Amino acid sequence: AQRAAIVSGTVELPEGVSAVGGIEVGFASEDEFGMPEGMRFGIGATAPNNKFPGVRLSPGRYRVTASLDGTSEYRSSEEFDLHPGAQEISVHLSRPIHLAGHLAVEGAFGSEMTKIEIRLTSPDRSLEVQSAFVHADGSFEFPSLAPGIWDIGVRHVPKGGYIKSMMLG
């Protein structure tokens, strides 16, 4: 019989930040390709040391997410390989980032540019889908994006048009 992984840990906050309403910590198991396998488990970390108690899980790869006070102002999404027996992990919260980019499309469709949508999705579905519409000059921005791994997609390219390039940063 395979022994369970018993994981406990600490949520590290940025300097000067405190957890007023608590910290939510979630565990989602992943397969070898980083896709969720369906096991999800949540627990709270409590002040003053932001620790969460031992959680009994099957050994394997997990995406561990955390958010401060249940909001997206400070978040974390990290992968851990959990082995049989007890282990201690640290999850690090950070502020969202500002992401901007530019989309170049080809085709004669005039003002249709502002109907094109840039969508960011989290491959493991641990983060909420984000979207932004492209401005007339092709620019777009996500002013408050949670740290993590994102897939990017483009929706509603007008008929007869195609994506020439997309730049981030």
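Computed from a predicted structure; not experimentally measured.
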Who pairs with [X] by side-chain hydrogen bond (donor to acceptor under 3.5 Å, both in side chains), at least two apart in sequence or on another chain?
X    : result
R119 : none
D137 : S139
T46  : none
Q87  : none

Single-linkage hydrophobic cluster, 4.5 Å side-chain cutoff, [X] and [Y] together:
X    : Y    : answer
I6   : F27  : no
I163 : V134 : yes
M167 : I97  : no

Smallest separation among heavy atoms of [X] and [Y], with atom names:
X    : Y    : answer
V7   : F52  : O-CE1, 4.4 Å
S67  : L93  : N-CD2, 4.3 Å
T114 : A136 : CG2-N, 3.6 Å
P143 : H98  : CA-CD2, 3.4 Å
D81  : R61  : OD2-NH2, 3.0 Å
A4   : R56  : CB-CG, 3.7 Å

Looking at [atom1] of [X] and [atom2] of [Y], how far apart are the two atoms once the value is rounded to the nearest 0.5 Å?
X    : Y    : atom1 : atom2 : answer
L145 : L120 : CG    : CG    : 6.0 Å
S8   : I89  : OG    : CD1   : 8.5 Å
S58  : L82  : OG    : CG    : 10.0 Å
T121 : D151 : OG1   : CG    : 4.5 Å
L68  : S18  : CG    : OG    : 8.0 Å
Y74  : R95  : OH    : CZ    : 3.5 Å

| message | Tell me every residue that passes side chain to side chain contact (heavy atoms under 4.5 Å, CB included) with L168, counting only those two or more places apart in sequence or in another chain. | response |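 Side chain to side chain contact (heavy atoms under 4.5 Å, CB included) list for L168, sorted by chain: L99, F140, I152.
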| Which residues satisfy the side chain to side chain contact (heavy atoms under 4.5 Å, CB included) test with E12, sequence neighbours excluded? |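 Partners of E12 under the side chain to side chain contact (heavy atoms under 4.5 Å, CB included) test: T10, S90, H92.
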| query | Is the NZ atom of K51 crowded by more than 12 outside heavy atoms at less than 6.0 Å? | reply |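 Count over threshold, so yes.
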| Sub-4.5 Å side-chain heavy-atom contact between V105 and K164 |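 No. Closest side-chain heavy atoms not under 4.5 Å.
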| task | Under the side chain to side chain contact (heavy atoms under 4.5 Å, CB included) rule, what do M166 and I118 come out as? Steps first, then yes or no, please. | result | CA-CA 10 Å; M166 183 183 310; I118 307 296; 4.2 Å; yes
| query | Please walk me through it: do L13 and I23 pass side chain to side chain contact (heavy atoms under 4.5 Å, CB included)? | reply | CA-CA 10 Å; L13 301 177; I23 302 170; 4.0 Å; yes
